[in-house]
Amino acid sequence: MPFKTMGLADPLVQGILATGYTAPTDIQSQAIPAILDGKDIIGCAQTGTGKTAAFVLPMLHMMETVPQKTKKTKTRALVVTPTRELAVQIERAVRGYGRYMKLKTIAVYGGTNIDKQIKFLRRGVEVVVATPGRLLDLINRGSLNLSLVEMLVLDEADRMLDMGFINDIRKIVSELPAERQTLLFSATMPNVIKKLTESIQRSPVMIQIGQQHNPIETITQHIYPVPKAQKMDLLLHLIEREEMGSALVFSRTKRGADRICRKLNQHYVEAVAIHSDRTQRQRLKALD
Ligand code: AMP
């Protein structure tokens, strides 16, 4: 089913075209009609399946087609996500798909100036994308009113659970009106998440995309056993031989990440490190 026949509002179809997508992915084909139908959904899908657009598009459709109940701009949709980087990415996607709509959006997360966020929120924001800690902080300070939220999205619920956010999630949900649409996405479905869905969703439609693979099918894994002293040479060799345009290197420690970065730079490979000792500004710059 092409995007056009899904019944999405015109500015959104234009936004999708401008983004360069021609056809919906599996999760989009299955989730978008159900969400447009007003259903709660549980999306069992991994990153890389196109799940962000699967919830962002129907969310923006709702905003475009259902008039706001109040004169002053109110928060109508809330997306909660485990990491700062993901919050930034999702908020960018909202702005991208909604480029032909009038829309105020914000990503709120820790490690950045809260006063600026408070000031921005005061003017009224329709879509808030947030990490749980900062979101609760803003709620507790009375800077964010969620009483008129119509759609709640919990993205990567299993990771939020792993990161110990489950109680924060419950507190956040208790700030929302009972009458709302709740979409939950999770790559895995541990019991705690199942219980959570039972307490916060209404007869959710379950959408499972593919088998749970780790990593997803499009990724091939190789393993190279080498002595420690040769790891750096191997890395440099692989980067050159495979003519990698970009690569992600994971390291056990923060210092290790810095060291790898320095070594790569010494060999004229442009590299930047992301870890929790770097400022949010440096982390965002690295992502860019
Ligand atoms: P996600 O699983 O939401 O992180 O998306 C994975 C990647 O797929 C992102 O880079 C999206 O921009 C891209 N993507 C999402 N939907 C589509 C689509 N319908 N056609 C092509 N690419 C897409």
Side-chain angles (χ1 to χ4, degrees), residues 1-36 41-62 77-101 103 105 107 109 127-131 151-160 162-163 182-189 193 206-220 244-248 250 274 283-284 286-288:
M1 191 192 261
F3 282 112
K4 234 188 163 142
T5 51
M6 286 182 149
L8 290 168
D10 233 26
L12 275 176
V13 176
Q14 299 305 324
I16 297 164
L17 286 179
T19 309
Y21 304 162
T22 46
T25 63
D26 276 355
I27 184 134
Q28 290 161 9
S29 301
Q30 293 188 45
I32 293 173
I35 303 170
L36 290 179
I41 69 156
I42 299 174
C44 255
Q46 290 176 299
T47 294
T49 51
K51 68 183 165 67
T52 313
F55 62 80
V56 171
L57 293 172
M59 170 196 291
L60 296 184
H61 175 86
M62 177 269 284
L78 172 69
V79 183
V80 188
T81 167
T83 66
R84 300 167 181 183
E85 281 73 19
L86 205 49
V88 170
Q89 258 180 38
I90 293 172
E91 198 260 346
R92 275 187 196 160
V94 174
R95 272 190 282 129
Y97 302 135
R99 71 185 80 185
Y100 299 115
M101 291 171 61
L103 205 62
T105 67
Y109 45 84
V127 183
V128 173
V129 185
T131 50
M151 188 181 278
L152 165 69
V153 181
L154 298 179
D155 193 28
E156 308 218 342
D158 49 355
R159 269 177 81 197
M160 292 205 269
D162 288 344
M163 291 167 80
T182 307
L183 319 176
L184 181 139
F185 291 85
S186 197
T188 57
M189 268 294 150
I193 301 283
M206 177 92 173
I207 296 170
Q208 166 104 41
I209 298 300
Q211 297 289 316
Q212 281 172 17
H213 289 290
N214 195 13
I216 59 170
E217 277 169 333
T218 48
I219 296 175
T220 312
M244 288 179 195
S246 59
L248 274 173
F250 291 91
I274 295 186
R283 289 165 62 163
L284 289 176
L287 271 189
D288 278 340

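Position 1 is the first residue of the sequence; numbering continues from there. Both counts, for ligands and for their atoms, begin at 1 and track the order of listing.
Atom CE of Met101 sits about 14.0 Å away from atom CZ of Arg95, to the nearest 0.5 Å.
For ligand 1, the atoms lying closer than 4.0 Å to a non-hydrogen atom of Pro24 are 19 (N). Each of the atoms 1 (P), 2 (O), 3 (O) of ligand 1 lies under 4.0 Å from some heavy atom of Lys51. Residue Phe3 has at least one heavy-atom neighbour below 4.0 Å for each of these atoms of ligand 1: 19 (N).
Without hydrogens or angle criteria, Gln28 side chain to Gly50 main chain gives a donor-acceptor distance under 3.5 Å. Here the side chain of Thr25 pairs a donor or acceptor atom with the backbone of Thr49 at under 3.5 angstrom. The closest donor-acceptor contact from the side chain of Thr52 to the backbone of Ile90 lies at 3.5 Å or more, if one exists at all. Between the side chain of Asp26 and the backbone N or O of Ile209, no donor-acceptor pair lies under 3.5 Å.
Note: an N/O pair closer than 3.5 Å links Gly50 and ligand 1 by distance alone. Residue contacts with ligand 1: Tyr97 is placed with no nitrogen or oxygen under 3.5 Å of a nitrogen or oxygen of the ligand (distance criterion only). By the 3.5 Å distance cut-off applied to N or O atoms, Gly48 is counted among the residues near ligand 1.
Protein heavy atom closest to atom 3 (O) of ligand 1, with residue, atom name and distance, is Thr52 OG1, 2.6 Å. Residue, atom and distance of the protein heavy atom nearest to atom 21 (C) of ligand 1 are Tyr21 CD2, 3.4 Å.
Under the 4.5 Å side-chain criterion, counting only non-hydrogen atoms from C-beta, Met189 is in contact with Met206. Met163 is not listed as a side-chain neighbour of Glu156, based on a closest heavy-atom distance of 4.5 Å or more.
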*Check step by step if side-chain hydrogen bond (donor to acceptor under 3.5 Å, both in side chains) holds for Arg159 and Thr83.*
CA-CA 9 Å; Arg159 269 177 81 197; Thr83 66; 4.6 Å; no
*asked:* If you apply the rule side chain to side chain contact (heavy atoms under 4.5 Å, CB included), what do you find for Phe3 with Thr22, and how did you get there?
replied: CA-CA 8 Å; Phe3 282 112; Thr22 46; over 6 Å; no
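Within a 4.0 Å radius of atom 9 (C) of ligand 1, the protein has no heavy atom. In this structure, atom 14 (N) of ligand 1 has a protein heavy-atom contact shorter than 4.0 Å. For atom 18 (C) of ligand 1, a protein heavy-atom neighbour is found at a distance under 4.0 Å.
Only the side chain of Gln28 comes within 4.0 Å of ligand 1, counting heavy atoms alone; its backbone N, CA, C and O stay farther away.
Within the structure, the closest approach of Ala23 to ligand 1 falls below 4.0 Å when heavy atoms are considered.
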